[in-house]
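To keep things clear, I will list the structure first and then write my remarks on it.
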Amino acid sequence: MENKSENTNMRVRTSEVEFQTREADNGERYIEGYFSIFGSRYELWDGNAETVIPGAFAESLSKDDIRALVNHNTDLVLGRNRAGTLELHEDEKGLFGRIKVNRDDTDAMSLYARVQRGDVSQCSFGFDVLDETYEQDAQGKVLWMLKRVKLYEVSVVTFPAYEDTGVEARKHDLDTIKNRQAEAWRAGMIKKLKGENADA
């Protein structure tokens, strides 16, 4: 079943991954790791979840202006793909990112130290859904599969971001699915009854 999002508000999904720091031979420092793992479940509520399909970021990576932030704070910009200070690409595992740390930025250097110590290990990405499908199990739980997204930013975060607005948007999507199923059931019953009446 196809289901395209009409929600234009940015959504945020968080996962705990193994970020690492790296210092190159020329002294440049980097924070790198996966901002999204393909096939992993982003639990929304009560068994309903999302997962990202390989290729979902490809179009956005080729054309969009994407930032790396600290805790989704637009005042704390760590890097930017168009400036060459943020590298992002998809591989068989997921969305990999490498942030070039600005040594003149005390916030960036402080974050580098926290990641190095293991104090900060989670990440998020901010996006909007452009194309998706979904599956529904026997209990009525839905797994949305994100096929194509617009990526706005990636963030290194201290705590996971729980977005009530994002969950509410998905609950609305689920209500829409249920309404469509109910309408289809009613239409089928009406058709069946008309057929039985015609045979009478």
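Computed from a prediction, not measured in an experiment: that's the story for all the values here.
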Output yes when Lys100 and Glu28 qualify as a salt bridge under the 4.0 Å nitrogen-oxygen rule, no when they do not. yes
Is a salt bridge present between Lys147 and Asp131, judged by a nitrogen-to-oxygen distance below 4.0 Å? yes
Output the distance between atom CD1 (Ile37) and atom NZ (Lys93), rounded to the nearest 0.5 Å. 4.5 Å
Compare all side-chain heavy atoms of Asn48 with those of Trp144 and state whether any distance is below 4.5 angstrom. yes
Measure from the side-chain N and O atoms of Ser121 to the backbone N and O of Gly118, and report whether any donor-acceptor pair falls under 3.5 Å. no
Would the number of heavy atoms belonging to other residues, nucleotides or ligands and lying under 6.0 Å from CZ of Arg29 be above 12? yes
Quick one: does NZ or CZ of Arg22 land under 6.0 Å from the six-membered ring centre of Tyr30, within 45 degrees of the ring axis? yes
Between atom CG of Leu151 and atom OG of Ser36, what is the distance when rounded to the nearest 0.5 Å? 9.0 Å
For Phe19 together with Phe35, are the ring centres under 6.0 Å from each other? yes
Gln139: side-chain contact (heavy atoms from CB on, under 4.5 Å) partners, not counting sequence neighbours: Asp137, Lys141
With a 3.5 Å distance limit and no angle check, can you tell me whether Glu90 reaches the backbone of Gly55 through a side-chain donor-acceptor pair? yes
May I ask whether Leu76 and Val156 are part of the same hydrophobic cluster, defined by side-chain heavy atoms of I, L, V, M, F, W, Y residues being less than 4.5 angstrom apart, directly or through others? yes
Heavy-atom donor-acceptor pair, Thr21 side chain to Tyr112 backbone, under 3.5 Å: no
Any ion pair linking Asp119 and Arg117 (charged N to carboxylate O, less than 4.0 Å)? yes
Using the side-chain contact (heavy atoms from CB on, under 4.5 Å) criterion, which residues pair with Arg82? Sequence neighbours excluded. Asp65, Arg80
Heavy-atom check, side chain of Phe38 versus side chain of Leu95, under 4.5 Å: no
With sequence neighbours excluded, residues passing side-chain contact (heavy atoms from CB on, under 4.5 Å) with Leu69: Arg67, Thr74, Val77, Glu153, Ser155
Check for a donor-acceptor pair, side chain of Asn102 on one end and backbone N or O of Ala108 on the other, with a separation under 3.5 Å. no
